[in-house]
Amino acid sequence: MLIRNARVEGYGLVDLRLMPGAVQEIGVSLQKGLYESELDLAGDVLAPCPLDMLLPKRFRRRAG
């Protein structure tokens, strides 16, 4: 997934490429892959979720 125009503390406005559960690339004007989804945050702040915060059920990973 490609996230465009996210405001990240310490970086300013950047693009991020996420692969399953991890940031793979941070930069500006990253190329979108052929089958990659894209989301434009238009300057909204993007922050990690604290470890002690409980996510809604629809976002939790299912136990294998």
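Just so you know, these numbers use all the heavy atoms, side chains as well, and skip hydrogens, waters and symmetry mates. Residue numbers count from 1 along this sequence.
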Taking [Y] as the starting point, is it possible to reach [X] by hopping between hydrophobic residues whose side chains are less than 4.5 Å apart?
X	Y	value
Leu41	Val23	yes
Leu30	Val8	no
Leu39	Leu13	no
Tyr11	Met1	yes

Given side chains that start at C-beta, do those of [X] and [Y] come closer than 4.5 Å, heavy atoms only?
X	Y	answer
Leu46	Leu16	yes
Arg17	Glu36	yes
Ile26	Asp15	no

Item to check | Crowding at CD, Glu9 (>12 non-hydrogen neighbours, <6.0 Å) | outcome: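 Counting neighbours around CD of Glu9, 12 or fewer heavy atoms of other residues, nucleotides or ligands fall under 6.0 Å, so no.
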
Next on the checklist: I'd like to know if Asp40 and Arg4 make a salt bridge, using a cut-off of under 4.0 Å between side-chain N and carboxylate O.
Outcome noted: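 Salt bridge flag = no for Arg4 with Asp40.
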
